[in-house]
Protein chains: 2
Amino acid sequence: VVELRDIRRDYAVGDAVVHALRGINLRIERGEMVAIMGSSGSGKSTLMNTLGCLDHPTSGSFLLDGVAVEALDDDARADLRNAKLGFVFQGFNLLARTTALENVALPMLYDRHARFADPDARARDALSRVGLADRLTHLPNELSGGQQQRVAIARALVTEPKLLLADEPTGNLDSHTTVEVMALFQALNDQGLTVVIVTHEDEVAAYCKRSVRLHDGEIVSDHPVVPK
Amino acid sequence: VVELRDIRRDYAVGDAVVHALRGINLRIERGEMVAIMGSSGSGKSTLMNTLGCLDHPTSGSFLLDGVAVEALDDDARADLRNAKLGFVFQGFNLLARTTALENVALPMLYDRHARFADPDARARDALSRVGLADRLTHLPNELSGGQQQRVAIARALVTEPKLLLADEPTGNLDSHTTVEVMALFQALNDQGLTVVIVTHEDEVAAYCKRSVRLHDGEIVSDHPVVPK
Ligand SMILES: Nc1ncnc2c1ncn2[C@@H]1O[C@H](COP(=O)(O)OP(=O)(O)OP(=O)(O)O)[C@@H](O)[C@H]1O
Ligand SMILES: Nc1ncnc2c1ncn2[C@@H]1O[C@H](COP(=O)(O)OP(=O)(O)OP(=O)(O)O)[C@@H](O)[C@H]1O
Ligand SMILES: [Mg+2]
Ligand SMILES: [Mg+2]
């Protein structure tokens, strides 16, 4: 369960201030599948970075399963992230000098509770579920844009998170591959994964049950998605 | 005018070979606006890198305005690129430690023929045409994904190229911003710019006059776009 109250995020650029988030109030229950939409620069990635415990709001409160995230120290916040979250970054953020397989295995190797008996097998399985079984040994710069995006998706899912935060996860994918990825997210959501997806594509939002729209750092609409 | 004949591109990965392009035959006339579509990994970016004189095919010939590009040395190829081409990369490829304004001005500062009397003014104009007049001093990591994409677009257009190669230029843009960018490309095409756009979105392809589809490194269809 995610609860944001009056979240604000300002950035200083020279003498100017950019008000990227201007008082966000948002509650997401376990098992929801939510689309976050809005124009370029409206604050979607900034919102995702807050939800992902990767960035500190300027003010406001953020509760994740009842835990006040801002009260935690860096280590405790990192543990919370590793235990509960999967994050697909808008820019993928893959490690450049490691293969697709290693990129996906890494979060499991860092798991403090050593929850994963066979990281190698699990990483292979995650990559084949996104159609990359024949690209395990490729470095990121030996992969197409959509293949890099799918490695980022596999990496986010391999630790069996409770909450998946995906920032434009299908932006570099053709429609067929998009359908495969969204079907995978929906199946995991049916099994209990809470999913928040930033997207600017209506057909991706159509897979979600709720759609939240941002404009200039504020939520301007928040309503259920009408199934087609 | 672009002419590719039996273009092949192989990549070696360990002992394996990836046949990214398997005999591409393609002719594009001046003033065309062509969409390149196809599934993730089908060879679209590899094709664009060949057209952009950024990559050498394994075999086949490439004529750009009658010039055999493969016969040129590196300097001559670089001059040809700077004189004639604008390239929007799928991953943007902005310089991380320079501002939006500097990123856009750079190609003009490197122009051997010093064709541009006032690079600063031209860069400002290009950035405001993509809606970024208030982001000139931001570094790439102080910009949203779609804003970085628009800086890459502005940079590709500012040298007044003859041929624009844009690899998924709207992948990170909401529909309103996408319409603005495609209207800009169409207006420049009306004025004589030859445009080749990789896209996986049908509404983007709808702005083009011809659609070429790749699958597993081959062209599987090539036909006019029926206006909606
Ligand atoms: N440097 C490289 N070394 C090895 N294989 C490569 C390299 N670059 C690309 N490939 C492979 O070549 C194929 C074509 O890649 P390309 O980037 O052209 O695809 P694409 O059509 O642009 O895909 P996307 O829509 O995902 O961007 C892919 O299967 C990719 O894994
Ligand atoms: N580090 C930063 N410093 C200054 N301004 C920033 C920084 N990061 C983001 N911004 C600004 O904050 C605003 C919101 O950015 P954000 O990345 O959240 O937008 P977004 O909705 O994800 O956009 P897109 O759809 O283009 O990815 C933008 O106008 C951007 O220029
Ligand atoms: Mg974003
Ligand atoms: Mg590509």
Side-chain angles (χ1 to χ4, degrees), chain A residues 11-16 18 20 37-46 48-49 89-92 94 99-100 130-132 134-150 167-168 170-181 198-203 213-215, chain B residues 11-16 18 20 37-46 48-49 89-92 94 99-100 130-132 134-150 167-168 170-181 198-203 213-215:
Chain A
Y11 291 110
V13 187
D15 299 333
V18 173
M37 305 188 79
S39 51
S40 174
S42 57
K44 306 181 296 295
S45 294
T46 305
M48 294 293 267
N49 290 339
F89 293 89
Q90 188 169 7
F92 320 148
L94 300 179
T99 65
V130 291
L132 294 178
D134 58 354
R135 290 288 181 272
L136 302 181
T137 59
H138 285 233
L139 298 177
N141 69 358
E142 295 172 336
L143 293 171
S144 76
Q147 290 168 346
Q148 292 174 36
Q149 191 155 38
R150 283 181 276 159
D167 196 344
E168 315 248 19
T170 64
N172 284 284
L173 302 178
D174 57 282
S175 19
H176 181 71
T177 315
T178 295
V179 167
E180 291 180 353
V181 166
V198 169
T199 183
H200 61 257
E201 298 183 53
D202 291 328
E203 53 260 67
R213 180 165 292 271
L214 285 184
H215 184 69
Chain B
Y11 292 109
V13 187
D15 298 333
V18 174
M37 304 188 80
S39 50
S40 173
S42 58
K44 305 179 297 295
S45 296
T46 304
M48 295 294 267
N49 290 339
F89 293 90
Q90 187 169 6
F92 320 148
L94 300 178
T99 65
V130 290
L132 294 178
D134 58 353
R135 290 287 180 274
L136 301 182
T137 58
H138 285 233
L139 297 177
N141 68 357
E142 295 171 337
L143 293 171
S144 77
Q147 290 168 344
Q148 292 173 35
Q149 192 156 37
R150 284 180 276 159
D167 197 343
E168 315 248 19
T170 64
N172 286 284
L173 302 177
D174 56 282
S175 18
H176 181 71
T177 315
T178 295
V179 167
E180 291 181 352
V181 165
V198 169
T199 182
H200 61 255
E201 297 181 56
D202 290 329
E203 52 260 70
R213 180 166 292 270
L214 284 185
H215 185 68

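So you know, we letter chains A, B, ... as the sequences are listed, proteins then strands, and number each from 1. The shown structure was predicted, so the numbers you read here are calculated from the model rather than taken from an experiment.
No other option in B/N172, B/D167, B/T177, B/D134 has as many heavy-atom pairs under 4.5 Å with chain A as B/N172. For the options B/L139, B/L143, B/T137, B/V18, heavy-atom pairs under 4.5 Å to chain A are most numerous at B/V18. The greatest number of non-hydrogen atom pairs below 4.5 Å with chain A, out of B/H176, B/E142, B/H138, is found for B/H138.
For the residue pair A/S40 and B/R150, the shortest heavy atom distance occurs at OG-NH2, 2.7 Å.
Only the side chain of A/E201 comes within contact range of chain B, judged by heavy atoms closer than 4.5 Å. In this structure, chain B has a heavy atom under 4.5 Å from the side chain of A/S144, while its backbone stays farther away. At a 4.5 Å heavy-atom cutoff, the contact between A/S39 and chain B is made by backbone and side-chain atoms alike. For A/E168, the part lying near chain B is the side chain, with the backbone staying farther off; criterion is any non-hydrogen pair under 4.5 Å.
Of the candidates B/L173, B/T170, B/D174, B/D174 is the only one forming a side-chain contact (heavy atoms from CB on, under 4.5 Å) with A/H200.
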